[in-house]
Structure formats: C-alpha cells, structure tokens
Amino acid sequence: MNLVPMADILNDANQRGYAVGGFNINNLEFLQGIINAAEELNSPLILQASEGAISYMGIEYVMAMVEAAVSDTHIPVALHLDHGSSFEKTMLCIRKGFSSVMIDASKKSFSENVEITKKVVEAAHAVGVTVEAELGKVGGTEDDVTVDEKDATMTKPAEAVEFVEKTGVDALAIAIGTAHGVYKGDPELDFARLETIKSKLDMPIVLHGASGVSAKDLAKAVKLGINKVNVNTDFQQVFTAKIRELFKADADLYDPRKYCGPGRDAITEKVKEKIMILGSNDKA
Ligand code: G3H
Ligand code: ZN
C-alpha cells in the first residue's frame, strides 16, 4: 500500500516546527472527510484507528478503505494504530500493513512500560514501522480506556529522557494537562513542562486529547515543540451535530446518504480548521 512510515512525516514536522494531525477514523465518512481536507490543504496526514474503531469496522475493511483512499493521493499518508494495548495487537496491525503503531503501556510501571515498548520498537523497526509510546498518564476516556482525573499524572522530564534512551521510540506522547473526550472545564496545559521536555528531547512529541483545546493553546503547544496532535472527539461531535440538525429539520429523513454525506463534509471543515492551526498546510 502507498503508505509512508509516520517517522518520515514527524521528523520533517520536528525539523520545520509544525505539527501533523493524528486524526481518528471511525467509519468510511470519517476517512473520506479527513483525507479530503488534507488533500485540499496539501497537508501530510496521519490516519489513526483505535482498537475499538478497528473492531467496529473490521481490520480488513480498515485496510481496504485506506488503500482506496491513498491509491491516487498526492499527499504523504501514514496509517497508525492508536493506543495499542499489547505487543500482540501491535504486531497484528504491522502484519496487516499499518505503517506506524502506538504501544500504550502508560498505565503500567515505568520499568514495565520500558520493557514492552522496547520489545515493540525492536520488532517494528525491523520492518520499517514507526513506534509511538506514552509516558505519564493522559486522563479521560477513549473507547474503553479510562483514566480517572485523580490518576492522571504529568510526564516527568528526566524520566522522559531515560525512557527514550532505553526504548529507542520514534515519537513520545506526553501528559501535560490534556484529557481524552469532552472536557468538564477549560483544559490547563503545562507549557513550561512541555518546553523543558522538548529542550531535553529533540524528537517528535505527541499531544493526546486535543479536542476541546483552544486554537490559541494548540498553536502555542506546536510552537513549543508538539509535532503530532491527536483529535477524535471534535470530529465525532461535528458529524453527529450535523446529523441531529438535519433530523430536526426533517424528521422523515431516511436516506443515509442525505445525512452521512453532510456529516462527512462537516468533518472536512473541522479538519481543515485543525490543519491551519497546526501549520501542516502546504507541507506535503
Ligand atoms: O488518541 C486519540 C486522541 O488522544 C483523541 O483525543 O478524542 O479527546 O480528541 P480526543
Ligand atoms: Zn489518545
């Protein structure tokens, strides 16, 4: 398949000081809505699927749909497993053709996280696949993964350095105050922590839970060294809001193309907004 390793996309972003969206796909409309936006703005793209989304769509459908989407695209696209929960799940995705995987052992102890991440890195790198890992715990809920607010912990800069040295990971997701899902209040990002981590690690740094973070804060995070920004909930919300609006206007609506199509276009508009904030437009 015509995919590029995520490291190729992120290393350029790190060198040139911008960020690329790690945009989650949940069905065909998400995939089309996202790639249409990236193509229009000439932006590199990281399509990502969580384990929940993969089991919803079926991995063979994910591969076939992504293959169709990238077959004649002019932009670099990576396909990434979001929040891989085990060595086995990451290997399955690599075998099916993903060009990048995340191993998320952030809930485990530091040494267990190092051990499992290192194992995934060794296997993935042997076949040219990129690896993202997480250190610190991002709060909130994504699919069936929940981290209570009280259990969320910020990434410690010294540990981040040790983690990268010991694992050889390509991209590091850090916890600096964002959370997955819908925020109760306004998120407060620890920019000083990000700055310190980036000054010690000249490598792609990843921000999870970016939905609901203001454009101003996202742009500042990118300026201070974030190179991959994960967004899912914002797209789910605009897709569903558009469908709700259409049903409200016409309760007899029954043709899915008449509401999923506009839902897909609403995703495209939201993705374009994010791309402009992250500065990945015209970087393809
Ligand atoms: O890994 C995916 C993201 O961190 C998405 O988070 O749904 O809060 O945008 P979000
Ligand atoms: Zn995430």
Side-chain angles (χ1 to χ4, degrees), residues 6 10 19-27 30-31 33-34 37 45-57 62 78-85 89-90 93 98 100-107 113 117 130-149 151-155 169-189 194 204-215 217-218 221-222 226-241 266-267 270-271 273-275 277-278:
M6 187 170 77
L10 290 184
V20 178
F23 297 143
N24 286 71
I25 56 171
N26 293 286
N27 62 18
F30 274 66
L31 172 58
I34 291 168
L45 175 64
I46 299 160
L47 289 169
Q48 54 187 26
S50 66
E51 288 179 2
I54 291 172
S55 56
Y56 173 75
M57 291 180 273
V62 172
L79 176 61
H80 174 71
L81 167 66
D82 190 26
H83 293 284
S85 62
K89 295 259 171 60
T90 60
C93 287
F98 280 57
S100 179
V101 291
M102 175 183 188
I103 175 71
D104 181 1
S106 60
K107 279 183 166 178
N113 192 353
T117 301
T130 307
V131 181
E132 173 186 335
E134 179 171 320
L135 187 67
K137 296 187 185 76
V138 174
T141 300
E142 187 170 26
D143 288 340
D144 16 333
V145 184
T146 297
V147 176
D148 281 350
E149 228 169 275
D151 296 325
T153 41
M154 302 265 191
T155 308
V169 76
D170 304 291
L172 184 68
I174 58 171
I176 54 166
T178 56
H180 290 120
V182 180
Y183 287 96
K184 290 185 198 102
D186 284 340
E188 263 186 46
L189 274 65
L194 166 59
I205 304 291
V206 184
L207 186 71
H208 281 245
S211 294
V213 176
S214 70
D217 280 359
L218 273 187
V222 173
I226 291 290
N227 305 111
K228 174 174 182 265
V229 172
N230 285 13
V231 184
N232 187 17
T233 304
D234 273 350
F235 305 145
Q236 294 179 327
Q237 285 185 321
V238 295
F239 181 73
T240 307
I267 291 176
K270 191 46 98 177
V271 173
E273 199 182 300
K274 299 290 178 193
I275 287 173
I277 297 167
L278 306 186

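Just so we're clear, the structure is a prediction, and the values are computed from it rather than from any experiment. For the numbers below, each heavy atom of this structure counts, side chains included, while hydrogens, waters and symmetry mates do not. Ligands are counted one by one from 1 in listed order, and the atoms in each one are counted from 1 as well.
Near the Zn ion (ligand 2), less than 2.8 Å away, sit the protein N, O or S atoms His83 NE2, His180 NE2, His208 ND1.
Rounded to the nearest 0.5 angstrom, Asn24 CG and Leu31 CG are separated by 12.0 Å.
Ranking the protein heavy atoms by distance from atom 8 (O) of ligand 1 puts Gly181 N, 3.0 Å first. At the top of the distance list for atom 3 (C) of ligand 1, counting protein heavy atoms only, stands Asn230 CB, 3.3 Å. Looking at atom 9 (O) of ligand 1, its nearest protein heavy atom turns out to be Ser211 OG, 2.5 Å.
When all heavy atoms are compared, the tightest approach of Gly209 to Thr178 is O-CB, 3.7 Å. Across Ile34 and Phe23, no two heavy atoms sit closer than the pair CD1-CB, 3.7 Å. Contact between Ala175 and Thr155 at its shortest, heavy atoms only, is N-OG1, 2.7 Å. Scanning all heavy atoms of the two residues, the minimum distance from Ile267 to Phe235 falls at CG1-O, 3.9 Å. Across Ala49 and Ile25, no two heavy atoms sit closer than the pair CB-CG1, 4.2 Å.
Short contacts between ligand 1 and Thr233, defined as distances under 4.0 Å to a heavy atom of the residue, involve ligand atoms 7 (O), 8 (O), 9 (O), 10 (P). Every atom of ligand 1 is numbered from 1 in the order shown, and the set under 4.0 Å from a heavy atom of Asp82 is 1 (O), 2 (C). Close approach of ligand 1 to His208 (heavy-atom distance below 4.0 Å) involves ligand atoms 1 (O), 4 (O). Heavy-atom proximity to His83, at under 4.0 Å, picks out these atoms of ligand 1: 1 (O).
Any N or O atom pair closer than 3.5 Å counts here, and Asn24 shares no such pair with ligand 1. Inclusion of His180 in the set of residues having an N or O under 3.5 Å from an N or O of ligand 1 is warranted. Looking at ligand 1, you won't find any N or O of Val231 less than 3.5 Å from one of its N or O atoms.
The backbone N or O of Thr233 sits less than 3.5 Å from a side-chain atom of Ser211, completing a donor-acceptor pair. Remark: side-chain polar atoms of Asn113 are paired, donor with acceptor, to backbone N or O of Glu134 under 3.5 angstrom.
Ring-centre distance between Phe30 and Phe239: below the 6.0 Å cut-off.
Between the side chains of Thr130 and Ser100, no donor N or O sits under 3.5 Å from an acceptor N or O.
A side chain to side chain donor-acceptor pair (under 3.5 Å) with Asn230 is found for exactly one of His80, His83, His208, namely His208.
With atom 6 (O) of ligand 1 as the reference point, the heavy atom nearest to it among Ala179, Ser50, Gly209 is part of Gly209.
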